[in-house]
Protein chains: 8
Amino acid sequence: MSTTDPVVGILMGSASDAPTMYRAADTLEGLGIGYEMKVASAHRTPQRVREYCETAPGRGLKVIIAAAGMSAHLAGVVAALTHLPVLGVPMEGKLAGGLDALLSMCNMPRGIPVATMSMGSHGAVNAALFAAAILALEDDAVRQRLLAYRQQQSEQTEEQVPPR
Amino acid sequence: MSTTDPVVGILMGSASDAPTMYRAADTLEGLGIGYEMKVASAHRTPQRVREYCETAPGRGLKVIIAAAGMSAHLAGVVAALTHLPVLGVPMEGKLAGGLDALLSMCNMPRGIPVATMSMGSHGAVNAALFAAAILALEDDAVRQRLLAYRQQQSEQTEEQVPPR
Amino acid sequence: MSTTDPVVGILMGSASDAPTMYRAADTLEGLGIGYEMKVASAHRTPQRVREYCETAPGRGLKVIIAAAGMSAHLAGVVAALTHLPVLGVPMEGKLAGGLDALLSMCNMPRGIPVATMSMGSHGAVNAALFAAAILALEDDAVRQRLLAYRQQQSEQTEEQVPPR
Amino acid sequence: MSTTDPVVGILMGSASDAPTMYRAADTLEGLGIGYEMKVASAHRTPQRVREYCETAPGRGLKVIIAAAGMSAHLAGVVAALTHLPVLGVPMEGKLAGGLDALLSMCNMPRGIPVATMSMGSHGAVNAALFAAAILALEDDAVRQRLLAYRQQQSEQTEEQVPPR
Amino acid sequence: MSTTDPVVGILMGSASDAPTMYRAADTLEGLGIGYEMKVASAHRTPQRVREYCETAPGRGLKVIIAAAGMSAHLAGVVAALTHLPVLGVPMEGKLAGGLDALLSMCNMPRGIPVATMSMGSHGAVNAALFAAAILALEDDAVRQRLLAYRQQQSEQTEEQVPPR
Amino acid sequence: MSTTDPVVGILMGSASDAPTMYRAADTLEGLGIGYEMKVASAHRTPQRVREYCETAPGRGLKVIIAAAGMSAHLAGVVAALTHLPVLGVPMEGKLAGGLDALLSMCNMPRGIPVATMSMGSHGAVNAALFAAAILALEDDAVRQRLLAYRQQQSEQTEEQVPPR
Amino acid sequence: MSTTDPVVGILMGSASDAPTMYRAADTLEGLGIGYEMKVASAHRTPQRVREYCETAPGRGLKVIIAAAGMSAHLAGVVAALTHLPVLGVPMEGKLAGGLDALLSMCNMPRGIPVATMSMGSHGAVNAALFAAAILALEDDAVRQRLLAYRQQQSEQTEEQVPPR
Amino acid sequence: MSTTDPVVGILMGSASDAPTMYRAADTLEGLGIGYEMKVASAHRTPQRVREYCETAPGRGLKVIIAAAGMSAHLAGVVAALTHLPVLGVPMEGKLAGGLDALLSMCNMPRGIPVATMSMGSHGAVNAALFAAAILALEDDAVRQRLLAYRQQQSEQTEEQVPPR
């Protein structure tokens, strides 16, 4: 867990999503953004999800990242229970590589938005970067670190093709 | 609404699903099965969904039919909140004709099942028939009416091809 | 096989589905529900499927779980031959991970419903839980065990994220 | 109906498939091939399908064309009940234009083949032509007419682009 | 255009997207959030997109909504050129209803996130609501209006099913 | 190669399809049907494909099985060049498991039919069985062997579920 | 037809593709590039396709645009018969809007490339522009006109959103 | 790198695409065509992509091959910035094997074409061959080598099926 007070909550529908979502945690940590990680299933522990959402603003959370696979309802359920921005990360899976989770998260009916990220570990990192972009609007230190991250990322994209 | 006490609850995520779901109501009515119909959105009215589920057994409901489109979370959310059998009807839609709703309902993770029916009006009728099949296990009158329905359906499938 | 009289029949289209469907059997066993398992193919042994369905009520079966892959016709064929509730479990496969089996089971025309579960082992467990939900309507012991299962499942969903 | 003895049976799962399948009938008629058309549903009238298949060889049928939509099981069920060649025509539909019917027909497990044609009216015509190709192996008159049909088809494909 | 200073920029890849994206504008207007709307294509006017992104922070923009169809690259291109949060709205289209635009927007490689919304007009409204959720983190007036919007939305979801 | 005169030609678009298509050869051999196997690509060796088709009837071939993957054009190209029945076997592949090959083969425009079989080794066996069904119409010995094959297949489908 | 000598050949598999492909013709005409249009089906007139390809270089063609729908084999067949660059335009259709044609064209096995354009009229225009880009490499007049077309296209993309 | 002056530029969105794209390089080398390879991401290094495109004609490039995966925007972004012919190679990936990259590249809106090749290594080779076909229009030596390549490819497609 991060040492600063958490402003980003990372929820995942199953403990098996943890290896993927540690990528989000690491990215937030690198940007000096406090976070917390929990497992809470929209289906197996709906009460826990509800309590999490209801107490989130009071605990200082500003953004919630929700990761789930298959009939990935977690992000939508969270978005229904909070007015905080909710970022969804669809987990890879067996049906067309995870098309079920992607469509289940992404195509929310009008009224309750979910911001869907890429699938799997790409999406986990991107959710952290997107949370940073939100926080950077009012936090100059985060903005500086995000700009540095992006700058470094550009520079580290080697122009030369690696040898065989 | 039916005149007998409702044993089947028909929930739909949007009032726009009503024309389709009246097909379920009519089928139940034809089988002499009491039902009720309500609109409750997993996203816009999560509290109403919760109350509906928590009071369902006490009100005598035995089966819940949940219809929704797009990121169709309603059936899964209902199934998380009740131990009654939950039948899902994915609504047709614009993305590949409704593939989003079908996958969002059907591929529930282990632990909280949803019984997914066909899409649209076919699924609405089939949900009613499936509810009848459940109720018929302990209600001989329903069983007789269901068998008659199936028998009549067979007989009404004309063998002769209609003229052009 | 279970020691109590079978009330749930588990049919599978191929012996290769057995490892997956033992997950259904184990779940039923844990809930104290009697079951039987058979292999019967809609295509290679249609006569066996027919006899199975015709004798199912007389043998005391109340729910049939049908598992099949690819052009997964078994559940629909069974549903055409019995008025008992039929639960379908699409097997994973090579075409988009099993999209063929899922669509082949799920989108039954009006009149003969199949209750489609998730794909593969998730669906096998869920079919057992859904059968239990049906039986629980009239069997208080099953209801108690189902509620306990769901309660335990909630509690065993650890809130803490596993360490790396 | 054709005036020569039917050697091709055209089955369709629903009377609503008739307008499409008349395209097959017309094509057979143009080739001087006798046929019959019937409605028989794998789900609503399984007994009728069985009787049809069991009596097909005795009635002189050599090829069966089976058309169905959605969870299109008809062709597979027919193929399970006869050793005659079975041609499947998936009907167009709402889910991705009929992808459900196509996959449900086409990907039969090893042992019981279905020869899947194109979707809808293209497939209806092609099923007739494919039946002709089978019959032409031993019927010189059919072969001559099929070759003439193909020749005429080539010639009638105008090389010039139609004016706007 | 809104009368308050724009804080949300709505970019669309084609003038034909305007009817859909006015739904976003109306929603922002209802929430008292200033916005601007422009047409700029990632492909036909890349220079204009670049200038738009480079001047966006200076002009006071805090969130950019980018709508595009088909090979919908606009949102990704914008996200590459600004550190502001970028929300993508895939437009409906002919290929599976718009699956091309959805996948083209949603599955961004690690490093440059796009927050993908639902397709079409649902997504347009949701993008506005998501922008509001971001702005509400630091703007109490927006938060109050967003909460009121959500509250009203819940209340306006009629529980009673509309009559036929 | 079979010792009897070949009546079935097995064409494959690439030598890498051979392991799969040997399943067709073995099945034909088991049914006492003569066959030949060749590699000929619709794209890399169109001239060879043309010569193959033009000489096929003269060499005594009655059915052609064409296997190809990806943009699987071979079966359609062959069907354009012969009036013999052409059976297509789509090879498995990386895009959704082979959806490209399946759709490329199956949805032939009106006029030139291809009889599409299942994907991969299932389809290879089924193509052989379907060829046998065609030949059995006029060859009593093949019919007897095909009926025996189907009978044996039914009997070898063990009813008992294999132990874990 | 254009008045300059044709350097681009537009082939289409069916006369019904003409309205779409006139978009390519108009675009070429606007760029001062000579072209010819013909109907030739890979399936119904394979001989005509072959002759077209064999005589194409001699007639001065430098690029061939091939349009087809469904199992769209035309572009691949043409590419097998000529070393000229072949551009494919998949036609829209009923199966998922034309996914069959797109995948059938696009995923050519190694060795014989097809340059797939967008679907339908977008692709028709783009094929013409791509042909122009090829010809512009050695024809300065075409390059000037192509640059002007692109410049004009940029300028005509109005920045202002059209009023409702 | 090739020893002749580069006329083909191979861009790839990530260094991880290099093993695949060396297949294009090898093919160009075999055809005596000069090339260069660079990594430049549409998202992480948009400035580098722009500079690459703006300097491409001046450096003598005539064709650009752009390879990318997932939301594969690189080819479209490059095509927006140059009038040179741009060939896109979608990389394989986890979502349905790479369907996201294929659709993201292929379905470009009217005005800015991308010539999409097959996925992965097949597409890498084909992009090189297609570039050769373009260059062969004005370079007789390349045409001779391309014709020889195609001839050799035909001859090396063994007609005999490899033994098991």
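Proteins come first, then strands; the chains are lettered A, B, ... in the order of their sequence lines, and each starts at number 1.
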Calculate, to the nearest 0.5 Å, the distance between atoms [atom1] and [atom2] belonging to [X] and [Y] respectively.
{"X": "G:Met37", "Y": "D:Gln160", "atom1": "CE", "atom2": "CD", "value": "11.0 Å"}
{"X": "G:Arg44", "Y": "D:Gln152", "atom1": "CZ", "atom2": "CD", "value": "13.0 Å"}
{"X": "G:Ser71", "Y": "D:His122", "atom1": "OG", "atom2": "NE2", "value": "10.5 Å"}
{"X": "G:Lys94", "Y": "D:Ser121", "atom1": "NZ", "atom2": "OG", "value": "5.5 Å"}
{"X": "G:Thr45", "Y": "D:Glu155", "atom1": "OG1", "atom2": "CD", "value": "11.5 Å"}

Best-contacting candidate, G:Ala40, G:Pro19, G:Ala96, G:Ser14, against chain D by heavy atom pairs under 4.5 angstrom: G:Ala96
Please determine, among G:Met70, G:His43, G:Arg48, G:Lys38, the option with the most heavy-atom pairs under 4.5 Å with chain D. G:Arg48
Chain G contact via D:Glu159 - side chain, backbone, both or neither, heavy atoms under 4.5 Å: both
Looking at D:Gly93, D:Gly97, D:Gly98, D:Gly120, which makes the most heavy-atom pairs under 4.5 Å with chain G? D:Gly97
What heavy-atom pair brings D:Leu99 and G:Leu95 nearest, and what distance separates the two atoms? N-CD1, 3.8 Å
Quick check on G:Met21 against chain D: is it the side chain, the backbone, both or neither that has a heavy atom closer than 4.5 Å? neither
Identify which part of G:Ala15 has an atom lying under 4.5 Å from any heavy atom of chain D, answering side chain, backbone, both or neither. both
